[in-house]
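Step one of this worksheet: look at the structure below.
Values reported hereafter were calculated over all heavy atoms of this structure, with side chains retained and with hydrogens, waters and symmetry mates removed.
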Amino acid sequence: MKKFLFILFVLLNFNALAIPKDTLFERTIKLDLVPLFNMARGLNQAYFSFEYEQNNQKSIINNLRLSFGRMEHYTFLKYNNYFDNQLTYKETNLNSLGVQLAPYISYYPFRSRKYLKYFYSTATLNVNYYSRKFHTYDYTTGESTTTHQNIFQSGAGLGLGFKIKIYKKWGAELSSNLYYNFINDDFYKVSLTAFWHSTQLPVWADYQVKLYYKL
């Protein structure tokens, strides 16, 4: 897996050392605000997402998005013999840590247009790895068990975005992507960060609200 990610990164950024000086964006770092909003809302996620953008041509830009942290955290109870006099139940705590790597290319087709030059389209590869931990406690017997599950996903997608300058080197960016996973787990067919997914196919979508700073 490490070799695959390294080769993928090199292929998308092999020409990063030869960056024209007259391009609109040369090197940019970005912070996705959506995970922070979700944490503030009290959702069962606590992860961070950063991006690095680097120019190689006037219209085509290389990007790399990295997300990491706690992707899900739940506690649930399972009851047995509910209608009998021998009621038993178990408590299971689920905690999933994950890393998501998404190298993508953004294309700006309207560089010469005054009001359209910040619109762009994207082609993205998405690689997800999750480590899930189940801790179960049986209140009847007092026994506890811990199991682990590793999940690997990989897919590709297309998206649209818009970038706007706020002040000097600061700016904001909105983007959304639609993916199809060609490698997935039998149970988890889509990313844990998806805001929408199909119930029939491994198709899912996400969105980003980013704050960027031009280096």
Side-chain angles (χ1 to χ4, degrees), residues 1-16 19 23-38 45 47-69 71 98-111 116-130 151-164 171-185 188-198 201-212 214:
M1 179 179 176
K2 291 182 179 179
K3 292 182 178 180
F4 170 74
L5 297 180
F6 176 76
I7 294 173
L8 193 61
F9 179 77
V10 171
L11 288 176
L12 292 177
N13 296 274
F14 68 96
N15 53 354
I19 303 175
T23 51
L24 181 60
F25 303 102
E26 295 181 359
R27 294 181 179 91
T28 305
I29 55 174
K30 309 173 187 178
L31 172 65
D32 188 3
L33 302 179
V34 173
L36 303 182
F37 293 155
N38 291 339
Q45 292 179 327
Y47 69 95
F48 300 92
S49 184
F50 301 93
E51 291 189 19
Y52 175 73
E53 177 184 279
Q54 192 162 263
N55 262 334
N56 61 351
Q57 297 180 26
K58 290 186 177 181
S59 297
I60 299 177
I61 298 177
N62 290 337
N63 304 264
L64 180 65
R65 180 165 62 248
L66 174 65
S67 304
F68 58 90
M71 300 300 179
V99 177
Q100 298 182 352
L101 187 66
Y104 68 94
I105 294 175
S106 54
Y107 173 62
Y108 291 77
F110 307 112
R111 284 294 200 188
L116 298 176
K117 63 181 180 180
Y118 295 118
F119 284 94
Y120 62 87
S121 60
T122 61
T124 308
L125 294 177
N126 190 277
V127 179
N128 303 324
Y129 173 77
Y130 305 117
I151 299 175
F152 176 76
Q153 300 174 340
S154 183
L158 300 174
L160 297 173
F162 174 77
K163 183 179 292 186
I164 185 172
E173 187 173 342
L174 303 176
S175 62
S176 182
N177 308 275
L178 182 67
Y179 299 96
Y180 179 87
N181 275 4
F182 45 80
I183 299 176
N184 55 64
D185 181 76
Y188 278 90
K189 298 183 181 300
V190 301
S191 170
L192 292 178
T193 60
F195 83 92
W196 172 88
H197 65 88
S198 170
L201 300 172
V203 176
W204 56 281
D206 66 0
Y207 70 97
Q208 295 83 36
V209 180
K210 293 171 281 192
L211 182 68
Y212 74 79
K214 180 182 174 184

Give, for atom CG of L36 and atom CG of L31, the distance between the pair rounded to the nearest 0.5 Å.
-> 5.5 Å
Determine, step by step, whether L66 and V99 satisfy the side-chain contact (heavy atoms from CB on, under 4.5 Å) criterion, reporting the C-alpha distance in whole Å, the side-chain angles of both residues, the deciding distance to 0.1 Å, and the verdict.
-> CA-CA 7 Å; L66 174 65; V99 177; 4.0 Å; yes
D206 versus T193, side-chain donor and acceptor atoms under 3.5 Å | no
Would you say S191 and Y130 make side-chain contact, with heavy atoms under 4.5 Å?
-> yes
Heavy-atom closest contact (S154 atom, V127 atom, distance) = OG-CG2, 4.1 Å
Correct closest heavy-atom pair for Y120 and P109 would be CA-CD, 4.4 Å
Are the side chains of S49 and R65 in touch, meaning some heavy atoms are under 4.5 Å apart?
-> yes
Enter the distance from Y52:OH to T28:OG1 here, rounded to the nearest 0.5 Å.
-> 8.5 Å
Rounded to the nearest 0.5 Å, the NZ atom of K163 sits from the OH atom of Y108 at a distance of 3.0 Å
Between N62 and I105, is any pair of side-chain heavy atoms under 4.5 Å apart?
-> yes
Assess the side chains of N126 and Q153: does a donor N or O sit below 3.5 Å from an acceptor N or O?
-> no
Atom pair OG1 (T122) and CG (L178), whose distance is rounded to the nearest 0.5 Å | 10.5 Å
What distance do Y179 atom OH and T124 atom OG1 have between them, rounded to the nearest 0.5 Å?
-> 4.5 Å
Check: D32 side chain, F50 main-chain N or O, donor-acceptor pair, under 3.5 Å | no
Side chains of W196 and V203: closer than 4.5 Å at any heavy-atom pair?
-> yes
Considering all heavy atoms, the nearest P202-W204 contact | O-CD1, 4.1 Å
Would a 4.5 Å heavy-atom cut-off, applied to side chains only, mark L101 and L125 as touching?
-> no
To the nearest 0.5 Å, what is the distance between CG (N63) and CD (E51)?
-> 6.0 Å
Answer yes or no: is there a side-chain heavy-atom contact under 4.5 Å between L192 and Y47?
-> no
For the pair Q45 (side chain) and M71 (backbone), establish whether a donor and an acceptor sit closer than 3.5 Å, ignoring hydrogens and angles.
-> yes
By ring pair (Phe, Tyr, Trp, His ring centres under 6.0 Å) - contacts of F119 (at least two apart) | F162
Could you tell me which non-hydrogen atom of S176 sits nearest to which non-hydrogen atom of Q208, and how far apart they are?
-> N-OE1, 4.4 Å
Got a sec, which residues hit ring pair (Phe, Tyr, Trp, His ring centres under 6.0 Å) with F48, two or more places apart in sequence or on another chain?
-> none
